[in-house]
Amino acid sequence: MKFTSAALPALLLGLSSAVSSAAAAFTPPAAFKNINLVHIVSAEKNYIKETINVLVENIAGTPQDEYYLTIPADKFAHVGGVEVKDRKDAKAGPFSAEAVEDEYIRITLPTPLAAGAQQTLGITYYVLSAYRPLPALIAQDDKQYLVYDFSAYVPSAYETVKQKTEVKFSNSDVPDYTKFEGKEKDLVQKQGAKITYGPFENQPAGALRPVSVRFEFTKPVSHVTRLERDVEVSHWGGNVAFEERYHLVNHGANLSTLFNRVKWAQSAYYNPQTPALKELRFPLRPGSADAYYTDVIGNVSTSRFRSNKREALLEIKPRYPVFGGWTFPFTIGWNADAGTFLRRLGGSYVLNIPFLEGPKQQEGVEYQSVRLQILLPEGAENVKYSASIPSSSIADSTVTVHKTFLDTKGRTAVVIEARNLVDEFRDREVVVTYDYSLLASLRKPIVVFGSVLSLFVAAYVIGSVELKFSKK
Ligand SMILES: *[C@@H]1O[C@H](CO)[C@@H](O)[C@H](O)[C@H]1NC(C)=O
Ligand SMILES: *[C@@H]1O[C@H](CO)[C@@H](O)[C@H](O)[C@H]1NC(C)=O
């Protein structure tokens, strides 16, 4: 590893100038004080998960129900999955959290906090595209190192009386991290795969302390730029069909030399850790069937699909290992019995499907943009839906009519666009309810039958025309 820590101060300089130039138009009222705050930055996955547990006090003279979370401007576009709850009262949450301006998330407390009263908030969110590989280029069998820049003082619109920040890694190989000098030396502690900054006392609103960590991450940095997930419900076939189109890119370090396939094949014997993506594993619902996997070239046979009453697992391998900077577009699909997801409730139906069923990888997967489209049977009416992913991650949602071959009225589609999600939201549900009558359920077969009949009529007419010709 040829990297020297001399590059770190330069990185920090870049960060602090970015922060200071971000002058916000809106400033939240100084209605709160953070009494005690613990900030946990998990760099264990290929995205950042931040947890802020904070005891807040209302220092305004009147009840308050809006607490503002500060997200640094340079990270704002990459933050998602914000969830807030009361740490002491599970029944109270989740609280609403909506982005305002390009620096704040407004958290609405379900019950206004009385003047002078305190409450413990548990805030979590994710930062995507959070890292920079350093060095940016590595050899095929080199270890990969990533850098994350952040502030050791939690960015806040409020004064913070006491706080500390803990950073967690997937292993203890952390060759570079910002250290403090002189009497502040003990405010940075490394213990195995964890670094603690703090405790810090009495920091004013807006105080920042840029720090940087550089750690080993010998796994792919899998980033899904776009996932299109189509779910098609067929009452007639008793089937729910799934198709997912992924555009995935490895955000890890690029190769410094040309890919050497011989060397790769040789190393495969002892199966070393590699920052290249070699395999993806999709746990599906038990009873899933007919799985397929295609890439830009066509059907790929190097997939394994196991399905029984208890579990279903699709394992796919890219045709070549996906190194840093390389993309991997692919499509998978499968069928499932409608009974797994659909319930009848009088004349209505309730469909309950996972919002995401993407790969489950030890290193994680992040999703920049996801479109879920649920096609309901033709004739479905009075459609209502709700998704249990954080509302701030939903970019758009609509109910539209989608017309396909043999449809007379067109099929109703529920389309939800989401952004900045991670694999931790796998299995969050989307529930769709709709009315569907016997008449509507008969429409499709009648159309099929009707069109077959008109085909016969046409054939008969053509036949008789030909007959006339032949008589000539
Ligand atoms: C892929 O394979 C499946 C089943 O083996 C087949 O039904 C399908 O037509 C193939 N698709 C392509 C694009 O070759
Ligand atoms: C890594 O590869 C990608 C894709 O080819 C390219 O866009 C990017 O600039 C490369 N990064 C470096 C540091 O060379």
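Atoms within each ligand, like the ligands themselves, are counted from 1 in listed order. As the structure is a prediction and not an experimental result, all values here were calculated from the model.
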[atom]: nearest protein contact (heavy atom, Å):
atom                    : result
atom 2 (O) of ligand 2  : N254 ND2, 2.3 Å
atom 5 (O) of ligand 2  : G325 O, 4.1 Å
atom 13 (C) of ligand 2 : A136 CB, 3.7 Å

| said: Check this for me, if you would: do R226 and E244 make a salt bridge, where the nitrogen-to-carboxylate-oxygen distance has to be below 4.0 angstrom? | reply: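 Salt bridge between R226 and E244, a charged N being under 4.0 Å from a carboxylate O: no.
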| query | Charged N to carboxylate O under 4.0 angstrom, K164 versus E166? | reply | yes
| said: Protein heavy atoms near atom 9 (O) of ligand 2, is at least one of them under 4.0 angstrom away? | reply: no
| With a cut-off of under 6.0 Å to the ring centre and 45° to the axis, is K49 in cation-pi contact with Y47? | no
| task | May I ask you to list the atoms of ligand 2 that are less than 4.0 angstrom from any heavy atom of L137? | result |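 It comes down to these atoms of ligand 2: 14 (O).
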| request: Report the C-alpha distance between S392 and Y125 in whole Å, list the side-chain angles of each, state the deciding distance to 0.1 Å, and finish with yes or no for side chain to side chain donor-acceptor pair (under 3.5 Å). | output: CA-CA 11 Å; S392 59; Y125 59 89; over 6 Å; no
| message | Tell me which one of R132, R209, R214 satisfies salt bridge (Lys or Arg N to Asp or Glu O under 4.0 Å) with D149. | response | R132
